[in-house]
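Below is one structure. I have some questions about it.
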2 protein chains.
Amino acid sequence: MFTAEHAIRRYRETRRKITPQRIAVFRALEGNTSHPSAEDLFESVARSVPGISRATVYNTLETLRELGEVREYHFQADFRQFDPNTAPHHHCLCTDCGRVHDVHGGDFGTVRLPAGRLPFRADSFSVTFYGHCDRCGGAKSSRRGRVAAHSHSSHM
Amino acid sequence: MFTAEHAIRRYRETRRKITPQRIAVFRALEGNTSHPSAEDLFESVARSVPGISRATVYNTLETLRELGEVREYHFQADFRQFDPNTAPHHHCLCTDCGRVHDVHGGDFGTVRLPAGRLPFRADSFSVTFYGHCDRCGGAKSSRRGRVAAHSHSSHM
DNA sequence: GACTAATTTATAATAGTTCTAGATTAATGG
DNA sequence: CCATTAATCTAGAACTATTATAAATTAGTC
């Protein structure tokens, strides 16, 4: 689980300097489940550290990614999104508002490559569900919470 | 299945004009399983239609996407990728070379949202495997073609 | 073949991200 | 503490993919 303290420890271990700017980025990420973009984080951090440069936010995110402390996703075409939760979980992307919800716990079933003759070695995988969140009209549709998608019936 | 002929038909149905530039883009997509970017397609098409503008390629792709004839993916941060295969299938993204392989046929098991209380209505989903293709070292590792990933053991 | 609205082209504009050079500062050791 | 120095920070330019604009061209129709 990502915490500012943990990130500081990793920075010390790897002989990087601890600066107020970096700490502010760590704090902005701590417990953040909104899958923020670099710009989101810049705006949030700039409130506590006026004058911070975008480059610093970008650099810090890049370092955290290299250290494996955050994961980068490309849910949308126009910007990257960062997730301090590096534990396996799925995502729901609302195609109306762009918000991303985590899906954790529960039983996701098993996803596997077909047996035999695939010229690829997979290390990890990521599942993204596309649809509508409650705020955007998901609520007025039926089957809430009982959504099931099978490989033969959905875009994959 | 996407063909230039089919795209032309859809264009006529929706009262759009058939131009040599558009036909060239259709042909570049026909049977294309490389998940090309707009720039890839521009370069390919420019060989048969010198002087074609990037804007034309972008516009044609956008129209095909609206018509549901191609699907757009965001495997990488820097550019969009297009797939004329709109049938459900998974993807393997090689984290070394960036190539994307389709995974079709076979049994992928079932992926489903956990029962109960999820504020989301999913219409479709997409599974991406991250790893290494044969050309980039996948071959020298074991378990080729027998890769299995479970929700509790992989990044999702 | 002429008409007209759609399309194409070249180019400018935009957005997200990366690069650069000079100013600043964290960490270290006296 | 203070000095040293390499790492870091900032502002702004540069870069890349994509979108918008306006004038020139052309597909489709009569």
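Reckoned from all heavy atoms, side chains included, excluding hydrogens, waters and symmetry mates. Lettering of chains follows the sequences in order, A, B, ..., and the numbering in each one begins at 1.
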Do the ring planes of A:Phe75 and A:Tyr73 sit parallel (below 30°), tilted (30 to 60°) or perpendicular (above 60°)? parallel
At what distance, to the nearest 0.5 angstrom, does OH of A:Tyr58 lie from CZ of A:Arg80? 8.0 Å
Looking at A:Gln81, A:Arg71, A:His91, which one forms a side chain to side chain donor-acceptor pair (under 3.5 Å) with A:His35? A:His91
Each nucleotide in nucleotides 13-30 of chain D should get exactly one letter: B, S or -. Can you fill that in based on protein heavy atoms under 4.0 Å? ----SBBB------BS--
Nearest 0.5 Å, what's the OG1-CZ distance between A:Thr86 and A:Phe2? 10.0 Å
Among all residues two or more places apart in sequence or in another chain, which pass the side chain to side chain donor-acceptor pair (under 3.5 Å) test with A:Gln76? none
Where chain A begins and ends its contact with DNA chain C, read 5' to 3' at 4.0 Å from heavy atoms: C:dG16 to C:dA27
At how many degrees, to 10°, do the end axes of the helix from C:dG1-D:dC30 to C:dG30-D:dC1 meet when each uses five pairs? 30°
Would you indicate, yes or no, if D:dT10 has its OP1 or OP2 atom less than 4.0 angstrom from a side-chain nitrogen or oxygen of A:Thr56? yes
Integer-rounded Å distance: D:dT8 P and A:Ile8 CD1: 15 Å
Is there a donor-acceptor contact under 3.5 Å from the side chain of B:Ser44 to the main chain of B:Asp40? no
Sort out for me which residue in B:Thr63, B:Asp83, B:Leu64, B:Thr60 forms a side-chain contact (heavy atoms from CB on, under 4.5 Å) with B:Val70. B:Leu64
For A:Phe82, what residues pass the ring pair (Phe, Tyr, Trp, His ring centres under 6.0 Å) criterion, not counting sequence neighbours? none
Only pairs under 3.5 Å count here: list side-chain donor-acceptor contacts from residues 24-32 of chain A, not counting sequence neighbours, and write none if there are none.
unit_1: A:Glu30; atom_1: OE2; unit_2: A:Ala4; atom_2: N; d: 2.8
unit_1: A:Asn32; atom_1: OD1; unit_2: A:Ser34; atom_2: N; d: 2.8
unit_1: A:Asn32; atom_1: OD1; unit_2: A:Ser34; atom_2: OG; d: 2.7
unit_1: A:Asn32; atom_1: ND2; unit_2: A:Ala28; atom_2: O; d: 3.1

About how many Å separate CZ of B:Phe129 and CG of B:Leu93, when rounded to the nearest 0.5 Å? 12.0 Å
